[in-house]
Amino acid sequence: MTEDLLAAVAMVLTATLVALASLALMAAWQMRRPCPTSSIFSAQGPAAAFLFDGDRLLDATPAARSILPEGEDGGALSRLIGTLGPLFPGLSQALDTLPRAGLIVIASSGDVQPPLVLKGEYLRGLTRLTMIQAAGDGQPGPGDGAVLAALQHEVLAQRVILARSPVVMWKEDARGQVVWANHAYLIRATELLPDGQDLSWPLPRLFQTTEPSGGRTPRISLQARSGLEWFDLFRVPAGEEVLHYALAADAAVEAETALREFMQTLTKTFADLPIGLAIFDRSRILQLFNPALADLTALSPEFLISRPTLSAVLDAMRAKAMIPEPRDYRSWRRQVMRVEEEASAGHFEETWNLPGGQTYRVIGRPHPNGALAFMFEDISSEMLRTRRYRADLELGQSVIDAVEDAVAVFSQGGQLLMSNLAYTRLWNHDPAVMLSDAGIGTLSAWWRNHSAPTLLWDDAIAFVAALGDRAPWEGEVRLLDGRLVTCRLRSLPGGATLITFRARAGEAVVPVRDDIRSLLSA
């Protein structure tokens with residue numbers, strides 16, 4: 001029993017020793033494995049090296065990342081070419097040939113000190129760029145110097161850009177003192193100094209900057225020697241300091257002033273117009289109206305100032321009986337839609353006979369950017385005069401129709417102006433049906449065809465066409481039915497001519513025989 005127990009203990013000890021030995025071997029093997037690095041470039045390698053897959057950055061050394069402009073890795077090669085292009089002439093064209101050449105080496109331009117060398121390699125579809133400093137004997141030098149030279153070149157380029165920028169820029173510290181300013185700022189600060197005084201540190205503040213209120217960019221004026229200048233100010237916090245940008249706003253101020261003056265002129269002009277004007281924007285919201293609109297539509301100025309929509313304006317006018325009342329509300333809504341559609345097309349013009357007795361002429365016209373302009377004109381007096389004129393014409397026609405003699409009135413140009421019922425019966429036609437063709441020549445031809453041959457009609461044409469004072473005269477003609485008609489011609493004011501035809505009363509009418517009629521007509 002004791003021997004069995006000892007044998008078991010020995011087996012356990014042996015297994016424990018084997019396990020400890022295995023663990024020791026594994027630990028030793030782990031210690032001998034190389035530690036993985038965070039970059040594919042060796043720490044002892046070049047200081048500025050990039051690895052690209054097409055335009056995408058795969059990896060770069062810390063020094064190289066300090067040169068690369070900020071942005072997404074997807075367009076890193078393009079941004080790098082933009083940065084290193086001024087240092088290495090022909091860089092973009094050389095990189096285009098890299099997949100065929102496999103290796104390129106480009107030296108920096110002569111004004112770059114110390115000189116730099118850019119080496120490009122094409123390895124299995126990847127592009128590796130290495131920038132190093134060229135030693136005095138032509139051999140590559142330390143990579144840190146290349147990085148420093150590139151950064152110095154970029155700083156100098158940025159200084160030139162800032163110095164020559166027409167935008168006024170400056171930087172203020174936490175106390176509000178100007179700690180840096182560009183050339184445009186310094187020029188204006190120098191102009192504002194008293195004679196004989198030079199700029200001193202800290203620089204004077206040209207603008208009393210304030211926090212923007214309501215999300216609007218503050219606009220400040222500056223009195224310079226050339227005159228008053230306007231600027232839009234922008235502030236960008238950068239830690240404890242604040243960057244300021246002053247963009248020239250003279251053109252914007254002049255445009256706004258001109259627009260304001262133009263709007264004031266339009267407002268004064270519209271205010272004196274007797275025609276109501278309403279302008280709606282593309283959303284059909286009232287943007288501009290004149291006082292005549294409130295008078296003609298009976299809408300309160302408070303309602304119009306609230307910028308109602310076109311439908312709301314028409315609804316309010318309908319409620320005040322200022323539009324023609326349709327038979328039902330559905331047809332009214334269709335009418336509103338038609339008003340908007342036809343006005344947008346540019347051919348809306350209607351005459352509204354209102355329930356109150358007024359008559360309005362409503363015109364809708366499209367304006368740029370989808371706007372609509374409506375004009376309301378009260379033509380009640382004009383319509384009243386037109387109705388009176390028509391009534392006078394009808395009365396005059398009735399009076400002339402009551403005259404027993406046939407009457408025809410011609411204008412100075414020989415156009416028939418008026419005839420009566422007796423004329424229609426005498427000559428068996430109504431010239432008013434074709435008034436546009438009823439001239440003295442046309443009617444004299446008709447008279448000649450219905451009467452015996454005579455020179456009277458030629459004299460009548462000459463009398464109507466004559467100018468100046470004309471003595472009245474008369475003559476006689478024989479109609480084809482045998483009646484004898486006395487024709488009297490006299491002048492009227494304005495160069496018009498009155499011709500009357502009177503058949504002999506009590507005279508027997510002897511019809512002309514057909515053979516004589518044909519002979520007379522020949």
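Every value quoted in this text rests on a predicted model; they were computed, and no experiment measured them.
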Problem set entry | Donor-acceptor contact below 3.5 Å, side chain Gln397 vs main chain Ser419 | yes
Exercise. Closest approach of Val464 and Gly414, non-hydrogen atoms and distance?
Worked result: CG1-CA, 3.7 Å
Problem set entry | Pairwise distance CG(Leu288) to CG(Asp281) - rounded to 0.5 angstrom | 11.5 Å
Exercise. Taking C-beta and beyond as the side chain, do Arg502 and Val485 meet within less than 4.5 Å on heavy atoms?
Worked result: no
Exercise. How far apart are the closest heavy atoms of Val403 and Ala422, and which atoms are they?
Worked result: O-CB, 3.9 Å
Problem set entry | Criterion side chain to side chain contact (heavy atoms under 4.5 Å, CB included) on Arg365 and Glu349, from CA distance to verdict | CA-CA 9 Å; Arg365 291 291 182 266; Glu349 184 171 350; 3.8 Å; yes
Seminar exercise, completed: CZ of Phe376 to CG of Leu296, rounded to nearest 0.5 Å, is 8.5 Å
Exercise. Around Leu259, counting heavy atoms of other residues, nucleotides and ligands shown, do more than 12 lie under 6.0 Å from its CG?
Worked result: yes
Exercise. Atom CD1 of Ile379 and atom OG1 of Thr351: how far apart are they, to the nearest 0.5 Å?
Worked result: 4.5 Å
Exercise. Where the side chain of Asn353 meets the backbone of Pro324, is there a donor-acceptor pair that is under 3.5 Å apart?
Worked result: no
Exercise. Which atoms form the tightest heavy-atom contact between Met322 and Ala298, and what is the distance?
Worked result: CG-CB, 4.2 Å
Exercise. Do the non-hydrogen side-chain atoms of Leu443 and His429 ever get within less than 4.5 Å of each other?
Worked result: yes
Problem set entry | Side-chain donor/acceptor of Asp53 to backbone N/O of Arg56, under 3.5 Å | no
Problem set entry | Trp352 side chain near Met317 side chain, heavy-atom distance below 4.5 Å | yes
Exercise. Between Glu382 and Arg361, is the closest basic N to carboxylate O distance under 4.0 Å?
Worked result: yes
For this session: Look at the rings of Trp447 and Phe410 and say which category their plane angle falls in: under 30° parallel, 30 to 60° tilted, over 60° perpendicular.
Result: perpendicular
Exercise. Is the Trp473 ring parallel, tilted or perpendicular to the Phe463 ring (thresholds 30°, 60°)?
Worked result: perpendicular
For this session: Would you indicate whether the side-chain heavy atoms of Tyr360 and Leu354 approach each other to under 4.5 Å?
Result: yes
Problem set entry | Charged N-O contact under 4.0 Å between Asp458 and Arg448 | yes
Exercise. Which distance, rounded to the nearest 0.5 Å, do you find between the CG of Leu286 and the CG of Leu310?
Worked result: 9.0 Å
Exercise. Hey, is the main chain of Ile275 close enough, under 3.5 Å, to the side chain of Asn290 for a donor-acceptor pair?
Worked result: yes
Problem set entry | Side-chain heavy atoms of Phe289 within contact of Ile279, under 4.5 Å | no
Problem set entry | Shortest non-hydrogen contact from Leu426 toward Arg483 | O-NH2, 3.9 Å
Problem set entry | Pairwise side-chain contact, Glu261 with Glu256, heavy-atom cut-off 4.5 Å (strictly under) | no
Exercise. Any side-chain donor paired with an acceptor under 3.5 Å for Thr497 and Arg470?
Worked result: yes
For this session: Could you please spell out the steps behind the side chain to side chain contact (heavy atoms under 4.5 Å, CB included) verdict for Gln412 and Leu467?
Result: CA-CA 8 Å; Gln412 186 176 7; Leu467 301 176; 3.1 Å; yes
Problem set entry | Ser444 side, atom OG; Leu456 side, atom CG - distance, nearest 0.5 Å | 10.5 Å
Exercise. Asp405 and Thr500: side-chain donor and acceptor closer than 3.5 Å?
Worked result: no
Exercise. Taking it one step at a time, do Leu304 and Leu293 satisfy side chain to side chain contact (heavy atoms under 4.5 Å, CB included)?
Worked result: CA-CA 9 Å; Leu304 297 175; Leu293 180 68; 4.2 Å; yes
Exercise. If you look at every heavy atom in Leu480 and Ala452, which pair is closest and at what distance?
Worked result: CD2-N, 4.3 Å
Exercise. Within a reach of under 6.0 Å around CZ of Arg488, are more than 12 heavy atoms found that belong to other residues, nucleotides or ligands?
Worked result: yes
Problem set entry | Distance in Å, Asp459 CG paired with Ile461 CD1, rounded so as to fall on 0.5 Å steps | 9.5 Å
For this session: Evaluate the side-chain proximity of Cys487 to Trp457: yes if any heavy-atom separation is below 4.5 Å, no if none is.
Result: yes
Problem set entry | Taking every non-hydrogen atom, the tightest pair across Pro355 and Ala321 | CD-O, 3.7 Å
For this session: Hey, can you tell me if Tyr423 and Trp427 have their rings parallel, tilted or perpendicular (30° and 60° cut-offs)?
Result: tilted
For this session: Please tell me if the side chains of Val168 and Phe231 come closer than 4.5 Å, counting only heavy atoms from C-beta onward.
Result: yes
Exercise. Could you walk me through whether Lys320 and Leu299 pass the side chain to side chain contact (heavy atoms under 4.5 Å, CB included) check?
Worked result: CA-CA 8 Å; Lys320 294 182 177 294; Leu299 301 178; 4.0 Å; yes
Problem set entry | Residue from Ile285, Thr309, Val313 passing side-chain contact (heavy atoms from CB on, under 4.5 Å) with Phe280 | Val313
